[in-house]
Amino acid sequence: MERTDIRNFCIIAHIDHGKSTLADRLLELTGTVSAREMTEQVLDAMDLERERGVTIKASAVRMNYTTQNGHGYEINLIDTPGHVDFSYEVSRALQACEGAVLVVDATQGIEAQTLANLFLALDADLEIIPVVNKIDLPAARPDEVAEEIEELLGIDAADVIQISAKTGVNVEAVLEAVVERVPPPKGDVTLPLRALVFDSHYDSYKGVIAYVRVVEGVLDMSEPLLMMATGAIAEPIEIGIFSPNMKPSGRLEAGEVGYVATGLKTVRDARVGDTITVRSRAAAEALPGYVAVKPMVFAGLYPTENEDYDLLRDALDKLQLNDASLVFEPETSQALNFGFRCGFLGLFHMDIIQERLEREYDLDIIATAPSVEYEIEMRNTGEVRVIDSPAQLPDEAEIEEIREPWMRIQIFTPTDYIGPIMDLVTKRRGEYVSTEYLDPRRVMLNYTIPLAELIVDFYDRLKSISRGYASLDYHFEGYRTGNLAKLDILINHQPVDALALIVHQDAAYHKGQALVSKLKEAIPRQQFEVPIQAAMGKKVISRANVKALRKDVLAKCYGGDITRKRKLLEKQKKGKKRMKMVGQVELPQEAFMTLLKLDEG
Amino acid sequence: MLPVSLYLHIPFCKSRCSYCDFNTYAGLDHLTEDYIAALGREIELAGRGIEGEKPHAHTLYLGGGTPSLLTPQQVELLIAASRRHFDLPAGAEISIEANPGTVDLDKLRRLREMGVNRLSLGVQSAQAADLKLFGRIHSFEEAIDAFKLARRAGYENISIDLIYGAPGQTLPGWRDTLKRILDWQPEHISLYSLSIEEGTPLEAQIEQGTVDVPDPDLAADMYDQAREALSKAGLQQYELSNWARSGRECRHNRQYWLNESYLGFGAGAYGTFDGLRYWNVGPVGEYIERIRQTKESRFPPSPAAEGSETVNHKMAMTETMILGLRLTGEGVYKERFARRFGRTVDQVFGDVITRLVEQELLADDGQSVRLTERAYLISNRVFVHFVEDGSLTA
């Protein structure tokens, strides 16, 4: 295949705008997947992806397409994750392409992630092919949405392709446009190898399989490879293409997309964004844009039953094989015993990991409230400590200042919900930046907001006050000093580390109260009265008592009752085992989740 | 072999009370004759089915349901069958449960004459509103009459059942009930905290919101006040829900709490004998049919058993604790435990007992282990430590 006959592109879209459905149609249309093999969301291999309708891992597939004028092309579709938590991964996947199909739902219009992804695509210098999808729906307004695209992106509305990926209408026009408008890959085959890793997965036989786009030179089996960022050396075990399953081809040339099985033992050795070169004839410089992604959100994960600790560690190890952005280290909590402090790219990432632990590894887990990474400047030494858990906060007297991460956020919403959304953001300490009207009925609100406020129930609240219409995108902005302090929760006069929070002083009183009253509901009555207190330093700012249990007795117990009675007690005992003992107090799992559900207002 | 206890279940009622989830039926009077015949036959089959000598029995209890609905002849038939097939000496305790709306002097006298020496009267409350809520068929005045008649008929061992912790009940009303009952000077009182059972009319009413959810704290107050009042009246608490004058403790029920053998006869009855627990089929017609079809059968289980389980050593030890600790006065005697199981209580449950003693929920004087007073109302929190956390039975 001549390089001029190759096209590399990706599809970018807001969640639910039809990216995976369009990909399915393209695979069908090009005969890459036979009708018999066709399932929904072919490229989303995980159950979780299919259920949630969102792509979590990138993938790639090579299609052969013959245009209407009879010319054959090799088209590589790179599927990208569909959530802002993975925007770095998306940016690397875009680097592997020359063009992007931008899908916009004809009933929804442009959303926060449409724009965020578009900016990434423009950054990567990609040719944009705008597509309006779901024109078969009664509520579709394709012309208006095309206008919106013209206004926002400066692309002629006439060039916007109107399709229904579901019914297949006009889908072929997308392939024609890809061939016509996306430039063929450039890159000198004679230069030393530079191949961009845009994702990877771990295979127990072949080690880490790196998904690559060869930018320059040739990737073949002849010589050991070097990962330029991590310094790892790999003997290529297999090189091939995705069609859509892995198919060995022995070599990949500049411009091509495929995979290399490296034999490496962990995906941390072949990170997304790294450059693969040949060790003996290394490229002078790595490809630009590599960043070692850092987790933004942290939480403790603890097994409900202490004896599952080893199982949890094994499960996290296995997940980490495939997920370089998941970090964890052992953590001990006086309340929850032994567990792991885990770092995630964002809340969605955390949610996914938690769900996979529970579903794929059958573990019962207690997650502590998520925290961000704070910078603590110490009073006397000027030393800066980085902490990711309220429990690590030093004594107040030793602290000069606490800095917390702030985010830039964009909220897209119908104008009807501007009021409540502004309320929400302001309550969460958001600072207004600007408002941009997309059309008379839709608006983009720009704010900055502390990440800590974003990670506790913000997205759900946003969705609920906008009846699901508002969408959100966010990016790290920087650290800022905050008037922050630790809020301790004392149960039966004992501070419970897993319930501590770092809060803004102004909100401390309210949060303390809300938390205490939620805990009072969540904690069952015990054999003695249990005081619950919220305290800042030594000062108690809120308290409530869980009254002592006075009655738990079976009044009648005669001949026929004993079996029933024993079974009842056995059930009670089983329930007890799921409780966590903190001092003399039994705390149910829900108690640790109350932090996530503090009501507004 | 230690003497056993005999329980005969009479499942018939004039109408079902709103809280009742026992194996009882209203409107099946036409089956009574056949049922009594079957019950007599079950006693016979059991007596013959047990290997070796005729077992000694020291208590016989007619419970229900409403045993007092039976005619004296029917009761006589059952007692006669029991005497014929078991060694039931003259001094044995023979109890019958009676509903105030179903007795007259003649019946009470004739029962007394045939050997019934203990009467358990289901009074439940002195408050008209309570009796209405419970769906009782009698007024408090009728209960007074029944008590007086029983005394006239010669009963010197009468027990009164009362219910507390019911929706709408108040502390003053409860105190009034206790006072009136204590004025009668009964030998024995059982106080039952109302529990809302699945599938009962009372549960439905609570679900619909026409009746309030019972307040457990109020029930606890009622219990505390009752303990005080009964103690002042000279009645000693000997079990979590039972009080008696000295020597009038119910021997039959104590058999259960000591986890000793008892044979249950009748529809839905339970029995535990020779390491086996069985339970009979519940529906009356089915029970009669099962007995009719049996010519002879090894006992246990009963030929009418719907199911049975082997009570293994471990289960028996657990049950000995959770039943024995209900006996607030005597508790679990260490010597008796060791004699029965070949291991001491401390060998088996030492850690648990030490922990509960530290929490002041158990008292251990070296001779026996007992609940402390503060544990009475939260005894489940003590018992739970003595059970396994899975099901012991498959």
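Chain identifiers are assigned alphabetically (A, B, ...) following the order of the sequence lines, protein sequences preceding nucleic acid strands; residue numbering begins at 1 within each chain. Every heavy atom of this structure was used, including side-chain atoms; hydrogens, water molecules and symmetry mates were not.
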Quick check on B/Tyr262 against chain A: is it the side chain, the backbone, both or neither that has a heavy atom closer than 4.5 Å? side chain
Any idea which of B/Arg277, B/Gln359, B/Arg374 has the most non-hydrogen atom pairs under 4.5 angstrom with chain A? B/Arg277
Does any backbone or side-chain atom of B/Tyr61 lie under 4.5 Å from a heavy atom of chain A? Answer side chain, backbone, both or neither. neither
Side chain from CB out, backbone as N, CA, C, O: work out which of these in B/Asp224 comes under 4.5 Å of a heavy atom of chain A, or both, or neither. side chain
At a heavy-atom separation under 4.5 Å, does B/Ser379 approach chain A through its side chain, its backbone, both, or neither? both
Which of the residues A/Arg550, A/Lys565, A/Lys551, A/Lys547 is involved in the greatest number of heavy-atom pairs with chain B at under 4.5 angstrom? A/Arg550
Any luck finding a side-chain donor-acceptor pair between B/Asp130 and B/Ser125 under 3.5 Å? yes
Knowing that exactly one of B/Glu330, B/His188, B/Arg326, B/Glu249 qualifies, which makes a side chain to side chain donor-acceptor pair (under 3.5 Å) with B/Tyr238? B/His188
Heavy-atom distance under 4.5 Å to chain A: side chain of B/His385, backbone, both or neither? both
For chain A, the option from B/Val311, B/Leu323, B/Leu240, B/Asn23 that forms the most heavy-atom pairs under 4.5 Å: B/Leu323
Report yes or no: do B/Glu42 and B/Tyr287 form a side-chain donor-acceptor pair below 3.5 Å? yes
Hey, what's the ring geometry for B/Tyr164 with B/Trp174, parallel, tilted or perpendicular (30° and 60° as the breaks)? tilted
Do A/Asn492 and A/Gln526 have side-chain N/O donor and acceptor atoms under 3.5 Å apart? no
Who wins among A/Val553, A/Leu554, A/Thr563 for the most heavy-atom pairs under 4.5 Å with chain B? A/Val553
Ranking B/Leu361, B/Asp221, B/Leu194, B/Asn242 by heavy-atom pairs under 4.5 Å to chain A gives rank one to B/Asp221
Does the side chain of B/Ser95 come under 3.5 Å of the side chain of B/Glu97 through a donor N or O and an acceptor N or O? no
Geometric class of the A/Phe338/A/Tyr309 ring pair [parallel <30°, tilted 30-60°, perpendicular >60°]: perpendicular
